[in-house]
Protein chains: 2
Amino acid sequence: MSQVERVGDLAESVGYLLKQAATALHASMDAVLRPQGLTVSQYSVLELLGHEPEQSNAGLARGAFVTRQSMNEVLRGLQDRGLVARPDVAERGRARPTHLTPAGQAALENASAAVARVEKRMLSPLSTTEHTELIARLIACRDALTGDGAPTG
Amino acid sequence: MSQVERVGDLAESVGYLLKQAATALHASMDAVLRPQGLTVSQYSVLELLGHEPEQSNAGLARGAFVTRQSMNEVLRGLQDRGLVARPDVAERGRARPTHLTPAGQAALENASAAVARVEKRMLSPLSTTEHTELIARLIACRDALTGDGAPTG
DNA sequence: TGACTCATGTCAGCATCCTGACACACAATG
DNA sequence: CATTGTGTGTCAGGATGCTGACATGAGTCA
């Protein structure tokens, strides 16, 4: 009980491995998206809008794990390039739901295909069962951290 | 063959889950490290030095997945607070190997214990076998991305 | 109607990290 | 000795994301 637990070998630390895997994925995504003229953040917005159109700036920020302010910058860039559009005035409230333009839809299809290939390469060493299990484990880890806010020692 | 593969349901995308888990972990680590006066980046350096002392600025940068320039900033902050030390002049070459001071060692022990508790909470839903498997899967995914640099379509 | 709460959008300032560039130290090679 | 290549430290500038603050619009309730 008096033994103080510490982070052990880094090569076997799930936290460190999580960081390594996420960094490697981000780098690989950047490598395939940059030739298409998209950053990872911009692709994330397109993908989010592809799955659920008419999302507000704040909603997209939550989906991409950034602040509203940062998302506003990303949206402005996409809007200037004509990949997304949002009304100048809000129909109701302050939220101005964003949606993909035809050009944005086309860009998303190319980008999503490229990212899917990256994901496929990342998962290539895993069997279908292992793939499914990995999803479940990641969900469990995520929920264990976000669902409970009271460490209490 | 003509069917274009795309990223599927985000809730089951390993990439998206990886990002979610890594973000949740980073936020949880920040929450326990900030009261101790440390950022996640600073903690990373202390942990790296605790596992392998006398590392150069460039070496630490590789270990923490940032550039040498960024790591230099972090090191300067830790040095000003007396948690790490490095010789003013290099004994050999340009590298000035950094090491933990006694104060840094103490800070590391507290921080590492706190982070270990966060990791433990994150892994609490997993059995020992599942924990071990998760490590292996993450390593496989990481290596699949970093080991091969030629997607070639 | 008015007060209160909540979510959203936006502005300003700051922190962090990056890219590009350059100089220095060492090893290998001729 | 001179040249080349690799690794390292550092400076300058810029891109990106964050915290803090404020105003607007909608819903709730007295």
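A note on names: the letters A, B, ... follow the listed sequences, proteins ahead of strands, and every chain is numbered from 1. Side chains included, hydrogens not; waters and symmetry mates left out as well; all remaining heavy atoms used.
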| query | Can you name the salt bridge (charged side-chain N to carboxylate O under 4.0 Å, His left out) partners of Arg34(A), sequence neighbours left out? | reply | Asp30(A)
| field | Under the salt bridge (charged side-chain N to carboxylate O under 4.0 Å, His left out) test, residues paired with Glu109(A) that sit two or more places apart | value | none
| request: For His99(A), enumerate each residue passing the side-chain hydrogen bond (donor to acceptor under 3.5 Å, both in side chains) test, keeping only those at least two apart in sequence or located in another chain. | output: none
| remark: Note: chain A reaches DNA chain D at heavy-atom distances under 4.0 Å over the stretch, first to last nt, 5' to 3', of dG17(D) to dG27(D)
I'd like a table of donor-acceptor pairs (distance under 3.5 Å, sequence neighbours excluded) in which one partner is a side-chain atom from residues 123-130 of chain A, with atom names and distances.
unit_1	atom_1	unit_2	atom_2	d
Ser124(A)	OG	Arg121(A)	O	2.6
Ser127(A)	OG	Glu130(A)	N	3.1
Glu130(A)	OE1	Ser127(A)	N	2.9

| Strand contacts (DNA chain C) in residues 16-29 of chain A, 4.0 angstrom heavy-atom criterion | none
| query | Does some side-chain heavy atom of Leu38(B) sit less than 4.5 Å from a side-chain heavy atom of Leu46(B)? | reply | yes
| task | Would you please name every residue forming a salt bridge (charged side-chain N to carboxylate O under 4.0 Å, His left out) with Glu133(A), sequence neighbours left out? | result | Arg137(B)
Ignoring hydrogens and angles, write down the donor-acceptor pairs under 3.5 Å from the side chains of residues 14-22 of chain A, residues two or more places apart or on other chains.
unit_1	atom_1	unit_2	atom_2	d
Tyr16(A)	OH	Gly63(B)	O	2.5
Gln20(A)	OE1	Arg142(B)	NH1	2.6

| task | Mind checking side-chain contact (heavy atoms from CB on, under 4.5 Å) for Arg76(A) and listing every partner two or more places apart, or none if nothing turns up? | result | Asn72(A), Glu73(A), Asp80(A)
| note | Readout for nucleotides 6-18 of chain C: B = base within 4.0 Å of protein heavy atom, S = sugar-phosphate only, - = neither; 5' to 3' it is --BBBB-----SB
| said: Going by the rule side-chain hydrogen bond (donor to acceptor under 3.5 Å, both in side chains), which residues pair with Ser70(B) if we only count those two or more places apart in sequence or in a different chain? | reply: Thr67(B)
| note | Contacts of Glu52(A) meeting side-chain contact (heavy atoms from CB on, under 4.5 Å) (sequence neighbours excluded), chain-then-number -> Gln55(A)
